[in-house]
Amino acid sequence: MSLQSALERLATYRANNTRASQDIFRNGLLALQKSSFKKLGDDGWTCLEQLTLASIDVGRLDIADQCLQLIADKFPNSPRVDCLIGIRMEATEPPEIALKFYGEILEADSANIAIWKRRISVLRRTGKVEKAVNELVQFLDTFYTDVEGWLELADIYASCNQYDHSLQALSHVLLLTPQNPFYVLQAAETAYTSEDFPLAIKMFLTVVDMTDADDSEQLLQESTPLGITVRAWFGVKLCTRRIAQNTNLKSLSNTSAPKNLELLDELATERLRVAYSSSGQKGEIAKGRQEVFAWVATPLA
């Protein structure tokens, strides 16, 4: 592979935020051996940082140390270099050593977001969930608009079966990024797991509304649901059944159950049948259509 091709692949991985460590290591090592990163200006040092992380991932700590030394010499006392040193430390040192290292940096600079996140990551990975939650809550009190932090908090609560708390964390995510249907879907599924079915069906329908190409009746009948929209229709179908089975279900969010439950169930059935009746390239989703058809044909109550 030519050097130019290697650099282009590295740039593509960075642009797409892709973690393909093996390929990044192969391409980055070529650039390192030819010292081409020095000729690329700022992009060259970014490539070197990219290679450092990939080297740690694939266990080539000798290359990681070589890259880290070059970066540290170029940017002494850099917060990003401190973060790389901490990640390198996590690869071989006991967690307590890394936590002490991160703690000392935070004492000097409590606004170092990257170091704070690494510390929380180590705490969670070593099973200190309560400490991780406390640190994360303190972090979010300081940096409220950090969506990744709220998603991490929601995930921690969900892993502990505290779905109500997870849903509360996701509500902040939706406030910060209301246009992202994947986050709405995550909140809908969390609400379903916590048995708040009225809220769940409302959010599943929101996902459908956000991801359908056009909500006009004519195009809705002609269009084929794909991807996240199909998953949302499955959620609607599940919710209509759970609500129909128990009309006295209480919603912790005080969300009212939809009055036109049967119509929603019929619509979800029709949309899922269309999705699994598709052909051609779209027909990948049609695998197992008979099982789906049998399931959606089950009466509502």
S.K.: With Asp164, which residues qualify under salt bridge (Lys or Arg N to Asp or Glu O under 4.0 Å), at least two apart?
M.R.: none

S.K.: Got a sec, which residues hit salt bridge (Lys or Arg N to Asp or Glu O under 4.0 Å) with Asp57, two or more places apart in sequence or on another chain?
M.R.: Arg19

S.K.: So does Glu152 pair up with Lys117, basic N to acidic O under 4.0 Å?
M.R.: no

S.K.: According to side-chain contact (heavy atoms from CB on, under 4.5 Å), who are the partners of Asn246, at least two apart in sequence or on a separate chain?
M.R.: Asn248, Leu249

S.K.: Quick check against the 3.5 Å criterion: does Ser277 have a side-chain atom that pairs as donor or acceptor with the backbone of Arg273?
M.R.: yes

S.K.: Just distance, no hydrogens or angles: give the donor-acceptor pairs under 3.5 Å from side chains in residues 255-262, sequence neighbours left out.
M.R.:
residue : atom : partner : partner atom : Å
Thr255  : OG1  : Ser253  : OG           : 2.7

S.K.: What pairs with Pro178 under side-chain contact (heavy atoms from CB on, under 4.5 Å), at least two apart in sequence or on another chain?
M.R.: none

S.K.: With sequence neighbours left out, write down each residue that passes salt bridge (Lys or Arg N to Asp or Glu O under 4.0 Å) with Glu189, or none if nothing qualifies.
M.R.: Arg231

S.K.: In chain order, what residues pass the salt bridge (Lys or Arg N to Asp or Glu O under 4.0 Å) check against Lys237, with sequence neighbours excluded?
M.R.: Asp265

S.K.: Are more than 12 heavy atoms, taken from residues, nucleotides or ligands other than Phe182, located less than 6.0 Å from that residue's CZ atom?
M.R.: no

S.K.: Enumerate the side chain to side chain donor-acceptor pair (under 3.5 Å) contacts for residues 87-100, please, sequence neighbours excluded, ordered by first and then second residue.
M.R.: Asp65-Arg88, Arg88-Thr92, Glu90-Tyr102, Glu90-Arg118, Glu90-Arg125

S.K.: Suppose we screen for ring pair (Phe, Tyr, Trp, His ring centres under 6.0 Å). Which residues come up paired with Tyr144, at least two apart in sequence or across chains?
M.R.: Trp150, His172

S.K.: For Gln179, does the CD atom have more than 12 heavy-atom neighbours from other residues, nucleotides or ligands under 6.0 Å away?
M.R.: yes

S.K.: If we ignore hydrogens and angles and just use 3.5 Å, is the side chain of Ser194 paired with the main-chain N or O of Ala191 as donor and acceptor?
M.R.: yes

S.K.: Could you tell me whether Glu8 atom CD has more than 12 heavy atoms of other residues or ligands within 6.0 Å of it?
M.R.: yes

S.K.: Please enumerate all residues that pass side-chain contact (heavy atoms from CB on, under 4.5 Å) together with Arg242, with sequence neighbours excluded.
M.R.: Tyr192, Glu195, Phe197, Gln245

S.K.: State which residues pass ring pair (Phe, Tyr, Trp, His ring centres under 6.0 Å) with Phe143; sequence neighbours excluded, sorted by chain then number.
M.R.: Phe139

S.K.: Can you name the residues that form a ring pair (Phe, Tyr, Trp, His ring centres under 6.0 Å) with Tyr157, not counting sequence neighbours?
M.R.: His165

S.K.: Identify whether the distance between the nearest side-chain nitrogen and carboxylate oxygen of Arg60 and Asp62 falls below 4.0 Å.
M.R.: yes

